Amino acid sequence: MDKSKVIENIHTTGFVLEYKVSQLLEKNGWNVINNRYYLDDIQLKNREIDIVAYKTNKVEGITYYTSLIISCKKSAEDMWSFLTKGVNQRDPNINICPIWNWTNDSILQFMLDEGIEDRVWELTSDNDDLDFVYGINDQVFAYQQLNKNKNYSTNNDKQIYGSIESTIKALEYEKGTLDKRRDNKALYNFNLLSIFDGDMVKIHFDDGEETVEEIDEIKYLNRLIFNGNEGFYRVHFLKFDKMEEYIKHFNKLTDWNVKFYADLIEKYYETFTEYEDNKGVELLLNQFERNVRWCLSSSSDYHIDKITLKYDSKEQVMEVGVNCSEGSRAVNREIVEEFNGNGDVIEQVKAELKELYRYEGEVRFEDYDFLKLPF
């Protein structure tokens, strides 16, 4: 057996590249999963992604995961070329800064739904690490493999497309299965990388002129309809021989994620009374209702059917609406007066508001029907 030939041929595959990337990640403190299999539920086939890497930090009961979903490709023959144009940051048809997160924490989900992408985009101008991860100057509108041995003739885009498709599908698989896999409170921040061991070039088009330059990294924004839902995805193409330098940005991203998303929770507690339509208050209403129902029902001759909350910003007081469906309006007013005169009930409700909302202001009871919005 010619052992040197065996090793030489193995090096022509991408497996050695996967090993080297994994070693680099582990050296930088990342947990690495190689050749993770997932089910492509569109084509109903088993597929694999080369590497899933992650780092974790736990703050106040929530585990924050920064995850890298990585495709590794290698080619000595083909150069990867990306055709670009200037990016219009105001284009309503482009999400310039797509961010893919998953969480099972209700407060974090509420804050994510309020929108964070514009905020993160604004922060990229003053943060080199964020700019590397999320910033984008050129829009890739096409890509091609160019055969260096045949005078750079076009040689399809199979490898490039494969790296885009595999990372996006792996991301959707991971997000789609987390509901079943994760019980403890967590937030996952996903980033899609295509690491290429070979040459890359950017061909930029500007007012009819084309310029060509060798590049070490570039981001590709992709609009995809997946399982009936349309979204933007960002795949970051990186040259392998620059990974020692580039991994440092992702290392710092893990710490930034923890601070940024933990601060979102703090912001909720600071501003939950300020959201339109009482949305911030109602977020934790079901838990509040469960916690105080026994106290209120045991402190009255009537069964309390409905409990709600509404913040009166003018008088700066939290109004607790109560209702007894079996009673008349007069009975409900009687219950309200009874609770407002009961110091023990007031203190119990205040304790629950402090525990759930960190609210320490004034409290008063009101008739539930009085608190209902007219429209």
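What you are looking at is a predicted structure, and each value in this text was computed from that prediction instead of being measured.
Atom CD1 of I346 is separated from atom CD of E362 by 9.0 Å, given to the nearest 0.5 angstrom. Interatomic distance, E245 CD to E217 CD, rounded to the nearest 0.5 Å: 9.5 Å. Put simply, OH on Y134 and SG on C97 are 6.5 Å apart, with the number rounded to the nearest 0.5 Å. To the nearest 0.5 Å, atom OG1 of residue T254 and atom NZ of residue K55 are 4.5 Å apart. To the nearest 0.5 Å, the span separating CH2 on W102 from CG on L187 amounts to 8.5 Å.
Judged by distance alone, the side chains of Q287 and N291 do bring a donor and an acceptor atom under 3.5 Å apart. One side chain, D113 or Q109, offers a donor N or O that lies under 3.5 Å from an acceptor on the other. A donor atom on one side chain and an acceptor atom on the other are found under 3.5 Å apart for E117 and N95. A donor and an acceptor atom, one from each side chain of N34 and S22, are located under 3.5 Å apart. At a cut-off of 3.5 Å, with distance as the only test, a side-chain donor of N332 or N323 sits close to an acceptor on the other residue.
For Y359 (side chain) and M318 (main-chain N/O), a donor-acceptor pair under 3.5 Å exists by modelled atom type. Proximity of a side-chain donor or acceptor of N155 to a complementary backbone N or O of Q145 within less than 3.5 Å is not detected. In this structure a side-chain-to-backbone donor-acceptor pair under 3.5 Å is missing from Q348 to C295. Side chain of D91 to backbone of N93: a donor-acceptor contact under 3.5 angstrom is found. Proximity of a side-chain donor or acceptor of N104 to a complementary backbone N or O of A186 within less than 3.5 Å is detected. Put simply, the side chain of N257 never gets that close to the backbone of Y65: no donor and acceptor are under 3.5 Å apart. Between the S71 side chain and the S194 main chain, no donor and acceptor come within less than 3.5 Å of each other. At distances below 3.5 Å, not a single donor-acceptor pair connects side-chain atoms of T271 with backbone N or O atoms of E274. Panel note: side chain S297, backbone W294; no donor-acceptor pair is recorded below 3.5 Å. In this structure, S125 contributes its side chain and E122 its backbone to a donor-acceptor pair below 3.5 Å.
Nearest heavy-atom pair across K202 and I218 is CD-CD1, 4.1 Å.
The shortest side-chain heavy-atom distance between D129 and L253 does not fall under the 4.5 Å cut-off. Taking 4.5 Å as the limit, some side-chain heavy atom of S75 sits within range of a side-chain heavy atom of Q159. For the pair L108 and Y268, the minimum side-chain heavy-atom distance is 4.5 Å or more. For the pair N88 and I94, the minimum side-chain heavy-atom distance is 4.5 Å or more. A 4.5 Å side-chain heavy-atom check between I247 and K27 finds every atom pair outside the cut-off. When side chains are defined from C-beta on, I96 counts as touching I136, because their heavy atoms get closer than 4.5 Å. Side-chain contact check for Q316 versus Y311: some heavy-atom pair is nearer than 4.5 Å. Residues N189 and N191 form a side-chain contact, since some pair of their non-hydrogen atoms from C-beta on lies under 4.5 Å apart.
Aromatic rings from Y357 and F272 are positioned such that their centres are separated by under 6.0 Å. Ring pair F237/F82: centre-to-centre distance below 6.0 Å. In this structure, the ring of F205 has its center less than 6.0 angstrom from the ring center of F141.
Within 6.0 Å of CG in D128 there are 12 or fewer heavy atoms belonging to other residues, nucleotides or ligands. Around NZ of K350, the count of heavy atoms belonging to other residues, nucleotides or ligands within 6.0 Å exceeds 12. No more than 12 heavy-atom neighbours from other residues, nucleotides or ligands sit within 6.0 angstrom of CD on E214. Within a 6.0 Å radius of OH in Y269, more than 12 heavy atoms belonging to other residues, nucleotides or ligands are found. The number of heavy atoms from other shown groups lying within 6.0 Å of NZ (K58) does not exceed 12. Heavy-atom neighbours of D301 CG from other residues, nucleotides or ligands within 6.0 Å: at or below the threshold of 12.
Cluster annotation: L68 is connected to I99 through the hydrophobic network of ILVMFWY side chains, with a link wherever side-chain heavy atoms come within less than 4.5 Å. Linking ILVMFWY side-chain heavy atoms closer than 4.5 Å, directly or via other members, places V322 and L285 in a single hydrophobic cluster. Following chains of ILVMFWY side-chain contacts shorter than 4.5 Å, one can reach I116 starting from I62, so the two form part of one hydrophobic cluster. Residues V32 and F250 share a hydrophobic cluster, clusters being chains of Ile/Leu/Val/Met/Phe/Trp/Tyr side chains in contact below 4.5 Å. Linking ILVMFWY residues whenever their side-chain heavy atoms come closer than 4.5 Å, directly or via other members, places I265 and V120 in the same cluster.
Among residues two or more places apart in sequence or in another chain, the side chain to side chain contact (heavy atoms under 4.5 Å, CB included) test is passed with E355 by none. Partners of E289 by side chain to side chain donor-acceptor pair (under 3.5 Å), not counting sequence neighbours, listed by chain and number: R293. In this structure L123 satisfies the side chain to side chain contact (heavy atoms under 4.5 Å, CB included) test together with L130, W256, F260, sequence neighbours excluded.
Cation-pi contact between K219 and F132: present, with separation from the ring centre below 6.0 Å and deviation from the ring axis of at most 45°.
Relative orientation of the Y233 and W100 rings is parallel, given thresholds of 30° and 60° on the angle between their planes. Ring orientation note: the planes of Y275 and F110 are nearly perpendicular, at an angle over 60° on the 30°/60° scale.
Between R333 and E366 there is a salt bridge, since a side-chain N of the basic residue sits under 4.0 Å from a carboxylate O of the acidic one.
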